[in-house]
Amino acid sequence: MTKEEYINYPALSASRIKRFYTGDISKNKATKAALDKGAAFHYQLLETDPSEMSKEAYNVYNAICSHPMLEALFNGSEKEMIVVDEVVIPYLDGSTAHIVGKGMLDMVNHNNKVIVDIKTTNCKTIEQFAKDMLEHCNHIQAVWYAILMGWNPKDFYYIGVPTRAKKDGSTSSDLFLYRHSDDELAHALQLIGNFLEQFDGNYSR
């Protein structure tokens, strides 16, 4: 499935659920410009050979590879993996919903059942980054991707990429490695269930 086919495929995505809670932030010109810049960076880092990466992406690649665990995770992962599947969503009351879901996952390490999402950020500290992930409802994305893969959402990680990580000589200490708490993951599942109950299956991508 191509990216264009994925975008137009009529299945529920994490982005659709997040928009229900955050609104369509892409309508803001400044935000759209930032999203477009982030998408271009993702392409450079995840879909381009290191010898052809932009300077910023190559610096981040080197920062990731400066840590043995991150290097093994990065180089051992499938990048921009498209998943479309029928999934079972567990509600807190014990009932379930069966729907067709989709996702495009930045990095999937099949051997260790780990999902990684790359997030460019203006945050200066990991505390700010953690708060930002919640404010943008990205914990929904973490749980959604885990559901699509049938894996534990506790094995969903972010690699946050602040401006300093794009500079020459950056190392893994310039990155933010973060995952959500159990309470945050439970809240995300509650938000997903609430969305499904609100729309009762009548939602668009």
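Side chains are part of it too, since the values below use all heavy atoms of this structure and drop only hydrogens, waters and symmetry mates.
Distance alone, capped at 3.5 Å, places no donor-acceptor pair between the N138 side chain and the Q141 backbone. Proximity of a side-chain donor or acceptor of E184 to a complementary backbone N or O of S181 within less than 3.5 Å is detected. The backbone N or O of P162 lies less than 3.5 Å from no partner atom in the side chain of T120, so there is not a single donor-acceptor pair. Without hydrogens or angle criteria, K79 side chain to L105 main chain gives no donor-acceptor distance under 3.5 Å. Counting only distance, with no hydrogens or angles, the side chain of H42 and the backbone of I118 share a donor-acceptor pair below 3.5 Å.
With sequence neighbours excluded, the residues forming a side chain to side chain contact (heavy atoms under 4.5 Å, CB included) with E5 are M1, T2, listed by chain and number. Annotation: side chain to side chain contact (heavy atoms under 4.5 Å, CB included) contacts of T125 (sequence neighbours excluded): E127, Q128. In this structure Y178 satisfies the ring-ring contact (aromatic ring centres under 6.0 Å, His included) test together with H180, sequence neighbours excluded.
Contact detail for F156 and A142: the closest heavy-atom pair is CD2-CB, 3.4 Å. Taking every heavy atom of both residues into account, L45 and M53 meet most closely at O-CE, 3.4 Å. T22 and C137 make their closest contact through CG2-SG, 3.8 Å (heavy atoms, listed as atom of the first residue, atom of the second, distance). The two residues Y6 and S13 have their closest heavy-atom pair at OH-CB, 4.5 Å. Among all heavy-atom pairs drawn from A146 and N152, the shortest one is CB-C, 4.1 Å. The minimum heavy-atom distance between V108 and W151, with the atom names listed, is CG1-CH2, 3.5 Å.
Hydrophobic cluster membership is shared by Y21 and I147, with clusters built from Ile, Leu, Val, Met, Phe, Trp and Tyr side chains linked at under 4.5 angstrom. Linking Ile, Leu, Val, Met, Phe, Trp and Tyr residues whenever their side-chain heavy atoms come within less than 4.5 Å leaves I126 and I64 in two separate clusters. The same ILVMFWY cluster, assembled from side-chain heavy atoms under 4.5 Å apart, contains both L189 and F195. In this structure, F176 is not a member of the same hydrophobic cluster as V60, with clusters built from ILVMFWY side-chain heavy atoms closer than 4.5 Å. The hydrophobic cluster containing V87 also contains V83, counting ILVMFWY residues as joined when their side-chain heavy atoms lie under 4.5 angstrom apart, directly or transitively.
Among pairs with a residue in residues 107-122, those fulfilling salt bridge (Lys or Arg N to Asp or Glu O under 4.0 Å) read D117-K119, at least two apart in sequence or across chains. Residue pairs meeting the side-chain hydrogen bond (donor to acceptor under 3.5 Å, both in side chains) criterion with at least one partner in residues 56-77, sequence neighbours excluded, are N59-D168. Sorted by first and then second residue, the salt bridge (Lys or Arg N to Asp or Glu O under 4.0 Å) pairs involving residues 148-165 (not counting sequence neighbours) are K154-D182, R164-D174.
L73 contributes atom CG, which lies 5.0 Å from atom CG of N109 (distance to the nearest 0.5 angstrom). Rounding to the nearest 0.5 Å gives a distance of 8.5 Å between CD1 of I82 and CD1 of I7. Taking OG1 of T121 as the start and CE of M133 as the end, the distance is 5.5 Å to the nearest 0.5 Å. How far CD1 of I17 is from CG of L196: 6.0 Å, rounded to the nearest 0.5 Å.
Annotation: side chain of L134 is in contact with side chain of H139 (closest heavy-atom distance under 4.5 Å). No side-chain heavy atom of I115 sits less than 4.5 Å from a side-chain heavy atom of Y157. Put simply, the side chain of V161 reaches to within 4.5 Å of the side chain of L175, judged on heavy atoms. Side-chain contact check for I192 versus F20: every heavy-atom pair is 4.5 Å or farther apart. The shortest side-chain heavy-atom distance between Y158 and R179 does not fall under the 4.5 Å cut-off. Looking at heavy atoms from C-beta onward, L12 lies in side-chain contact with W144 at the 4.5 angstrom threshold. H136 places none of its side-chain heavy atoms less than 4.5 Å from the side chain of K18. Contact annotation: the side chain of M107 never approaches that of E78 to less than 4.5 Å [non-hydrogen atoms, C-beta and beyond].
Between the side chains of D183 and H187, no donor-acceptor pair is found at a separation under 3.5 Å.
In this structure, E4 places its CD atom where only 12 or fewer heavy-atom neighbours from other residues, nucleotides or ligands lie under 6.0 Å away.
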CA sep, side-chain torsions, deciding dist, call: S173, T171, side chain to side chain donor-acceptor pair (under 3.5 Å): CA-CA 5 Å; S173 63; T171 68; 2.8 Å; yes
Worked check of side chain to side chain contact (heavy atoms under 4.5 Å, CB included) between H98 and E86: CA-CA 7 Å; H98 294 251; E86 182 175 338; 3.8 Å; yes
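Cation-pi check for K166 over F41 is met; the charged atom lies under 6.0 angstrom from the ring centroid and within 45 degrees of its normal.
Here the options are L46, I159, V116, the test is side-chain contact (heavy atoms from CB on, under 4.5 Å), and the partner is D106; only L46 passes.
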